[in-house]
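See below for the structure under consideration.
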Amino acid sequence: CHTPPCCYIIICDTRVIQTTLLTRQLTHPSSFEVVRFHLSSTDAGFHVRSSKTGYAVKQTGMLLPIAPHKPLPDPPAEFLSITEDPEVVKEQIGFTYHTVFQDDQLIPGFCLVTTAHKSTNGSIDPSPNEEGKRDVWKSWLKLKVPLESNKVFRKAFIDVDGSARMGRILELADGLAADVGYRHALADGYKPGCGVSVATASIDSLLINGREFSGSHDITLTAYVGHIGRSSMEVCVDIEQASTATRAHAFFMMVARQVVDGRDRARAVPGLLGIPPDLQMLAEGRLKRRMLLRSGGSFDHEASAVTLGGENGSNLQDEDLRKLHLLWKQLYRDRRFPGSTPSDLPVSALPDNRRAHVLFKDEQRMALHRLETTLLIWPNEMNVHGTLFGGIVTRTAVEVGYMTVAQYLHSTAWAMLMAVDDVFFLQPIPGGSMTRYIGQVIYTEGPDVVVRVECMVVPPNQHPAQWQRGTVFYMHFRWPPAVPKVVPESYEEFLLYMEGKKRHGQYKPLPNARL
């Protein structure tokens, strides 16, 4: 039942929960549907999703977005400064040049669009106002990647089948996010020896509309600050290829640091001006979603110890443990195996040496589809701060994810990357370190595959070597019409399976995705 606009009533038995929408700028605010709900002795849990806006109501009764996004409109033409001069491009996106490009042959043909500080009809002041806030347009930039004309860059950017490498796109997006962070934090942007570092703390979900970026058509990346904390900045990067109607959106959480009295400390950044109210609401929703994800518990007991703060890495509730037990019953105890006797035997009745061999048609063991690769960090892969560039970590993890799915499918054709979940970079990786990327298929459903890629690190000059966790990626791939069902066997694998199932349930494809 609906009340006047911007309010939705959920009736669970005799209990009524009223949820007020966070924004009044939404179209069709009452177009919601109840997906599922349950009652407990203490509170009502419910989940409501809008098919039009991508919003969801979670257990707290607060309206939270499922990675919603609305691109920031371009500024008026009179404020724009457009250049293809390689020297100007190198100066304006200095961090990206020194970290991603590192070669003057890759620059020609790039078209950079920024906002001019002065125009015929007004000006955009690069300095903070009296409240310590800086205009969003000061750091806004748009970059056209010349895959059509720059053959040298195209060769480094494409796959063997002619499509653009998604890992390379994310690496470039991460570099632009850092440049935008520098442009907001400092009046002159990034300059070598500026004394301030802007680094990627996390990636808050990447969503792709289910199409491949072509390697022979130009791609446009638009980057800008969407939200500000004390020393953190959420940078939105919109990626588009008009010729193929391919779109992607990534959100990078950047942090500013500065060495003071010999100690590395957080550096406060200016506030933000000029963000439209509806985009500000969406950014605040993403922030609350991140907080909810970090405090809501995880089945991944190894990763959650650091990212979620639980004891021994687990915030599991009784309901989670019940689901885990039901899954064990479904996949192990209650499965029946056609034996030599007239009646089929349950798996649990088989001898121990035969239980591990029980697989039905279109099923594969999780343990047998694990891919590992170990790499050494070379000087040309380090950023201007002397540590491994986060974009390279992301690019490598995405490509390991692709190969993990290919191994699982026994195929050399690539599945379609649909999304990357929130990623938290737990520690900087110094040059000379060894990194190990461990990819594993942890959940499948229909054509969908959830892949976990863990990055482990050994710092240089360490004996005996001790592997430390760098970060964990969760990626969503699609291979229609269906993929073999992955079957966990150990307790650890059951936990990973449940984590993958939970993340698959939270994932929502972009509109116009090829399902």
Side-chain angles (χ1 to χ4, degrees), residues 69-97 100-101 106-129 133-150 153 169 172-191 198 217-228 233-243 246-252 254 270-280 282-283:
H69 181 56
K70 178 181 177 182
L72 180 70
D74 289 357
E78 62 267 21
F79 288 101
L80 297 181
S81 172
I82 304 175
T83 181
E84 293 186 9
D85 185 337
E87 294 302 319
V88 177
V89 173
K90 287 165 56 177
E91 180 184 1
Q92 293 291 328
I93 54 172
F95 182 90
T96 302
Y97 170 74
V100 180
F101 296 143
L106 302 179
I107 290 294
F110 276 81
C111 179
L112 181 66
V113 183
T114 59
T115 48
H117 295 161
K118 295 183 179 180
S119 68
T120 56
N121 298 333
S123 64
I124 296 176
D125 189 353
S127 59
N129 65 2
K133 296 183 178 182
R134 183 167 281 151
D135 199 293
V136 64
W137 300 117
K138 193 274 171 183
S139 55
W140 178 94
L141 60 82
K142 177 178 288 190
L143 183 70
K144 184 190 76 172
V145 182
L147 295 181
E148 295 179 10
S149 59
N150 191 326
F153 187 82
I169 295 176
L172 180 57
D174 197 352
L176 290 179
D179 270 309
V180 168
Y182 276 109
R183 290 165 67 88
H184 183 83
L186 304 173
D188 297 328
Y190 169 77
K191 302 293 180 186
V198 174
H217 297 276
D218 294 348
I219 296 176
T220 301
L221 294 90
T222 305
Y224 49 91
V225 177
H227 191 268
I228 291 295
M233 299 163 280
E234 183 198 57
V235 179
C236 309
V237 182
D238 302 323
I239 311 166
E240 183 176 8
Q241 190 174 59
S243 60
T246 306
R247 295 177 293 106
H249 307 294
F251 310 95
F252 297 86
M254 316 301 293
L272 190 62
L273 292 173
I275 286 288
D278 54 342
L279 299 191
Q280 186 174 355
L282 293 177

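In this chain, residues are counted from 1 in sequence order.
The two residues Ile239 and Ala173 make their nearest non-hydrogen contact at CD1-CB, 4.4 Å. Across all non-hydrogen atoms, the minimal contact from Leu80 to Pro75 is CD2-CG, 3.3 Å. Here the closest heavy-atom approach between residue Trp137 and residue Pro73 is recorded as CH2-O, 2.8 Å. Taking both residues in full, the closest heavy atoms of Gly226 and Ala283 are given as O-CB, 3.6 Å, listed atom of the first, atom of the second, then distance.
For the atom pair OG1 of Thr96 and CG of Asp179, the computed distance is 3.5 Å after rounding to the nearest 0.5 Å. Expressed to the nearest 0.5 Å, how far NZ of Lys90 lies from OH of Tyr97 amounts to 4.0 Å. Here CG of Leu112 is found 8.5 Å from CG of Leu176. Values are rounded to the nearest 0.5 Å.
The closest side-chain heavy-atom distance from Phe95 to Tyr182 is below 4.5 Å. When side chains are defined from C-beta on, Ile228 counts as touching His184, because their heavy atoms get closer than 4.5 Å. Two residues are said to be in side-chain contact when any heavy atoms from C-beta on lie closer than 4.5 Å; Leu279 and Leu72 meet this criterion.
Residues forming a salt bridge (charged side-chain N to carboxylate O under 4.0 Å, His left out) with Glu91 (at least two apart in sequence, or on another chain): Lys191. The side chain to side chain donor-acceptor pair (under 3.5 Å) test applied to Lys144 returns no partner, not counting sequence neighbours. Every residue two or more places apart in sequence or in another chain was checked for a side chain to side chain donor-acceptor pair (under 3.5 Å) with Asp85, and none qualifies. Qualifying side chain to side chain contact (heavy atoms under 4.5 Å, CB included) partners for Ala177, counting only residues two or more places apart in sequence or in other chains: Val235, Val237, Phe252, Met254. With sequence neighbours excluded, the residues that form a side chain to side chain contact (heavy atoms under 4.5 Å, CB included) with Ser243 are His217, Gln241. Lys142 meets the salt bridge (charged side-chain N to carboxylate O under 4.0 Å, His left out) test with Asp74; sequence neighbours excluded. Partners of Pro71 according to the side chain to side chain contact (heavy atoms under 4.5 Å, CB included) rule, which considers only residues two or more places apart in sequence or in another chain, are His69, Tyr224, Asp238, His249. Residues passing the side chain to side chain donor-acceptor pair (under 3.5 Å) test with Gln92, sequence neighbours excluded: Arg183. Partners of Ser139 by side chain to side chain donor-acceptor pair (under 3.5 Å), not counting sequence neighbours: none found. For Gln280, the side chain to side chain contact (heavy atoms under 4.5 Å, CB included) partners at least two apart in sequence or on another chain are Ile275, Glu284. Applying the ring-ring contact (aromatic ring centres under 6.0 Å, His included) criterion to Phe101, with sequence neighbours excluded, gives Phe110, Phe153.
Between the side chain of Ser149 and the backbone N or O of Gly109 there is no donor-acceptor pair closer than 3.5 Å.
Screening Val225, Thr114, Thr222, Val180 for a side chain to side chain contact (heavy atoms under 4.5 Å, CB included) with Trp140, the sole residue that qualifies is Thr222.
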